[in-house]
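Just below is one structure, and these are the notes that go with it.
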Amino acid sequence: RIVHNLKSFRSKNKLKKAALNIVAGQMSESEIADLREIFKALDANGDGLLTSQELKDGMAKANLEHVLAGLDLDALMEGIDADGSGLIDYTEFLAATLDKKCYLQEDVCYTAFSVFDQDGDGHITLEE
């Protein structure tokens with residue numbers, strides 16, 4: 001499921017990616033405990049950032065390297081890397097791997113919407 005979410009996140013539009021990054025920052029520890037453990041397992045050097053090599057090695061360790069077969073890992077990384085650092089930080093990982101049932105809750109969506117709706121008029125304009 002997590003691998004599927006990683007792959008599908010790459011194709012989401014920029015607004016949705018930005019909203020999911022906001023949502024990821026709002027999630028409680030209990031909601032993301034499993035994802036935190038997966039991130040920690042993938043983060044081989046413990047620096048809080050995932051390289052493409054760490055992602056590849058982690059998939060191999062989990063016997064999931066077949067999932068990466070035929071997949072452009074650099075494109076996957078680029079699609080998840082919201083800040084353009086070339087690495088995946090914890091929030092970017094969470095945004096890419098969150099299950100829909102976590103982020104399709106009204107209060108969570110409203111919080112993300114409110115970040116973009118800077119003047120509070122209930123609409124998001126291009127300028128905002």
Side-chain angles (χ1 to χ4, degrees):
R1 184 101 181 112
I2 289 173
V3 174
H4 169 76
N5 290 350
L6 282 170
K7 286 180 184 179
S8 67
F9 186 79
R10 180 177 71 150
S11 64
K12 293 187 180 1
N13 68 48
K14 288 182 181 182
L15 178 61
K16 187 167 185 177
K17 286 180 183 181
L20 285 172
N21 272 284
I22 293 166
V23 168
Q26 305 290 321
M27 303 306 291
S28 71
E29 279 301 311
S30 62
E31 292 173 300
I32 56 173
D34 291 340
L35 294 176
R36 183 183 65 244
E37 292 307 312
I38 292 168
F39 183 87
K40 285 168 53 177
L42 290 171
D43 185 17
N45 66 1
D47 67 354
L49 302 166
L50 298 180
T51 64
S52 59
Q53 191 61 51
E54 285 176 319
L55 190 57
K56 188 176 182 178
D57 292 347
M59 297 294 268
K61 250 195 244 185
N63 294 319
L64 294 172
E65 62 270 357
H66 65 281
V67 175
L68 295 178
L71 182 68
D72 183 348
L73 191 56
D74 291 332
L76 178 68
M77 291 284 294
E78 186 178 315
I80 297 169
D81 178 23
D83 64 7
S85 67
L87 303 166
I88 298 174
D89 66 33
Y90 183 57
T91 302
E92 291 166 340
F93 177 80
L94 290 178
T97 56
L98 281 175
D99 198 337
K100 279 186 181 182
K101 67 182 174 212
C102 289
Y103 67 78
L104 289 182
Q105 300 168 35
E106 185 176 352
D107 59 328
V108 172
C109 290
Y110 183 76
T111 299
F113 178 86
S114 297
V115 170
F116 294 107
D117 181 22
Q118 296 174 354
D119 63 9
D121 69 353
H123 298 88
I124 300 172
T125 64
L126 188 57
E127 291 76 31
E128 290 175 310

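Hydrogens, waters and symmetry mates play no part in the numbers below; they use all other heavy atoms, side chains included.
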Item to check | Residue pairs passing the ring-ring contact (aromatic ring centres under 6.0 Å, His included) test where at least one lies in residues 13-33, sequence neighbours excluded | outcome: none
Nearest-0.5 Å distance that lies between atom [atom1] in [X] and atom [atom2] in [Y]:
X    : Y    : atom1 : atom2 : answer
D81  : D89  : CG    : CG    : 8.0 Å
Q118 : E127 : CD    : CD    : 10.5 Å
K56  : Q53  : NZ    : CD    : 6.0 Å

If I compare all heavy atoms of [X] with all of [Y], which pair ends up nearest, and what's the gap?
X    : Y    : answer
A24  : A95  : CB-N, 3.7 Å
G122 : D117 : N-OD2, 2.8 Å
A112 : V23  : CB-CG2, 3.9 Å

Under a 4.5 Å cut-off applied to non-hydrogen side-chain atoms, are [X] and [Y] in contact?
X   : Y    : result
M77 : L55  : yes
E92 : I80  : yes
E54 : I88  : no
L94 : F39  : no
I22 : F116 : yes
T51 : L87  : yes

Checklist entry - Would you say L42 and L49 are hydrophobically clustered, going by side-chain heavy atoms of ILVMFWY under 4.5 Å? => result no
Checklist entry - Applying the 4.5 Å side-chain criterion to the ILVMFWY set and letting contacts propagate, would Y90 and L50 be lumped into a single cluster? => result yes
Item to check | D43 side chain to D47 backbone, donor-acceptor under 3.5 Å | outcome: yes
Next on the checklist: Please determine whether the number of non-hydrogen atoms from other residues, nucleotides or ligands lying under 6.0 Å from atom CG of D34 exceeds 12.
Outcome noted: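 At most 12 heavy atoms, drawn from other residues, nucleotides or ligands, come within 6.0 Å of this atom.
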